[in-house]
Amino acid sequence: MYTITKRMEISGAHILSLDYESKCTKLHGHNWIITVTAQSETLNHNGMVVDFTHIKQKIQEQLDHRNLNEVLSFNTTAENMARWICEQVPACFKVMVQESENNIAWYEKGK
């Protein structure tokens, strides 16, 4: 089994839609750390699971320095973002989204 991991940082702002009072319902930003893990039993014709540059193009170039609520069509929690990112990358099975030093969400595809 081949496994690759791409780690990247994006800066993005968002507003959360919550059913309770929270400072997160106001526009605020994070320097997000995103870790994408993809896996395959075979390599593609280029000898890769997924090209690291393609992961960067699909994620960082779409989200970096943006208002995430204008780019994504869902409540931009770290959990929802992790699932969305995983769905964008071929062979991806796990994504970590860290929105601050102590707040991390993981999404892992079910088997």
Side-chain angles (χ1 to χ4, degrees):
M1 185 70 67
Y2 299 94
T3 303
I4 63 152
T5 299
K6 171 70 175 169
R7 185 176 180 272
M8 64 198 99
E9 183 173 355
I10 65 165
S11 295
H14 69 152
I15 298 171
L16 294 182
S17 176
L18 305 172
D19 62 0
Y20 56 90
E21 285 293 317
S22 171
K23 63 183 180 180
C24 295
T25 59
K26 296 179 174 70
L27 183 64
H28 65 285
H30 303 283
N31 288 327
W32 309 78
I33 304 295
I34 297 169
T35 305
V36 175
T37 304
Q39 199 169 58
S40 178
E41 290 187 19
T42 60
L43 300 177
N44 67 20
H45 65 278
N46 292 310
M48 301 176 191
V49 174
V50 180
D51 189 318
F52 293 116
T53 303
H54 294 160
I55 297 171
K56 181 179 178 182
Q57 289 170 339
K58 288 182 173 287
I59 307 309
Q60 190 172 26
E61 291 182 11
Q62 286 189 67
L63 302 180
D64 193 32
H65 285 81
R66 303 288 301 273
N67 179 338
L68 301 176
N69 299 95
E70 294 175 357
V71 178
L72 304 171
S73 62
F74 50 81
N75 195 19
T76 55
T77 63
E79 296 89 341
N80 282 334
M81 287 177 55
R83 183 188 69 237
W84 180 85
I85 291 165
C86 194
E87 292 168 352
Q88 305 309 301
V89 177
C92 181
F93 79 96
K94 182 168 53 175
V95 173
M96 182 206 69
V97 173
Q98 181 175 349
E99 67 177 23
S100 65
E101 184 177 354
N102 298 314
N103 298 326
I104 300 170
W106 285 93
Y107 175 79
E108 188 168 345
K109 284 186 179 177
K111 306 230 185 259

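One is the number of the first residue; the rest follow in order along the sequence.
- The closest side-chain heavy-atom distance from K58 to P90 is below 4.5 Å.
- Hydrophobic cluster membership is shared by W84 and V89, with clusters built from Ile, Leu, Val, Met, Phe, Trp and Tyr side chains linked at under 4.5 angstrom.
- Atom CZ of F74 is surrounded by more than 12 heavy atoms from other residues, nucleotides or ligands within 6.0 Å.
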Note to self: side chain to side chain contact (heavy atoms under 4.5 Å, CB included), that's the test. Do K23 and H28 meet it? Break it down for me.
What the structure shows: CA-CA 9 Å; K23 63 183 180 180; H28 65 285; over 6 Å; no
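- With hydrogens and angles ignored, the 3.5 Å screen pairs no side-chain donor or acceptor of N46 with any backbone N or O of M48.
- A82 and V95 get closest at one heavy-atom pair: O-CB, 3.6 Å.
- Here the CD-CZ distance, from Q98 to R7, works out to 7.5 Å after rounding to the nearest 0.5 Å.
- Side chain of N67 to main chain of H14: no donor-acceptor pair is present (N/O by atom type, distance under 3.5 Å, no hydrogens or angles).
- One hydrophobic cluster, built from ILVMFWY side chains closer than 4.5 Å, holds both I34 and V71.
- In this structure, L43 is a member of the same hydrophobic cluster as V36, with clusters built from ILVMFWY side-chain heavy atoms closer than 4.5 Å.
- The CD1 atom of I85 sits 8.0 Å away from the CG atom of L72 when rounded to the nearest 0.5 Å.
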Next item on the list: For E79 and Y107, run side chain to side chain contact (heavy atoms under 4.5 Å, CB included): C-alpha distance rounded to whole Å, both residues' side-chain angles, the deciding distance at 0.1 Å, then the answer.
Entry: CA-CA 7 Å; E79 296 89 341; Y107 175 79; over 6 Å; no
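- Looking at Q60, its side chain does come within 3.5 Å of a backbone N or O of E9 through a donor-acceptor pair.
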Next item on the list: I would like to know whether T3 and T37 meet side chain to side chain contact (heavy atoms under 4.5 Å, CB included); could you show each step before the answer?
Entry: CA-CA 7 Å; T3 303; T37 304; 3.6 Å; yes
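- Note that CD of Q88 is 11.0 Å distant from CZ of R83, once rounded to the nearest 0.5 Å.
- Distance CE/M1 to OG/S40: 7.5 Å, rounded to 0.5 Å.
- Rounding to the nearest 0.5 Å places CG of L27 at 8.0 Å from CG of N69.
- For the pair T76 and I15, the tightest heavy-atom approach, listed with the atom from each and the gap, is OG1-O, 3.8 Å.
- Hydrophobic clustering of Ile, Leu, Val, Met, Phe, Trp and Tyr side chains at less than 4.5 Å, counting indirect connections, keeps I33 apart from L63.
- Within the 4.5 Å cutoff, side-chain heavy atoms of I4 are placed close to those of I55.
- Minimum heavy-atom separation, N31 to S11: OD1-OG, 2.6 Å.
- Looking at every heavy atom in both residues, E99 comes nearest to W32 through CB-CZ3, 3.4 Å.
- The line from CD of E61 to CD1 of I10 is 12.0 Å long, rounded to the nearest 0.5 Å.
- Shortest non-hydrogen contact noted between C86 and K94 is SG-N, 4.0 Å.
- Side-chain heavy atoms closer than 4.5 Å link hydrophobic residues (I, L, V, M, F, W, Y) into clusters, and following such links, possibly through other members, connects L68 to I59.
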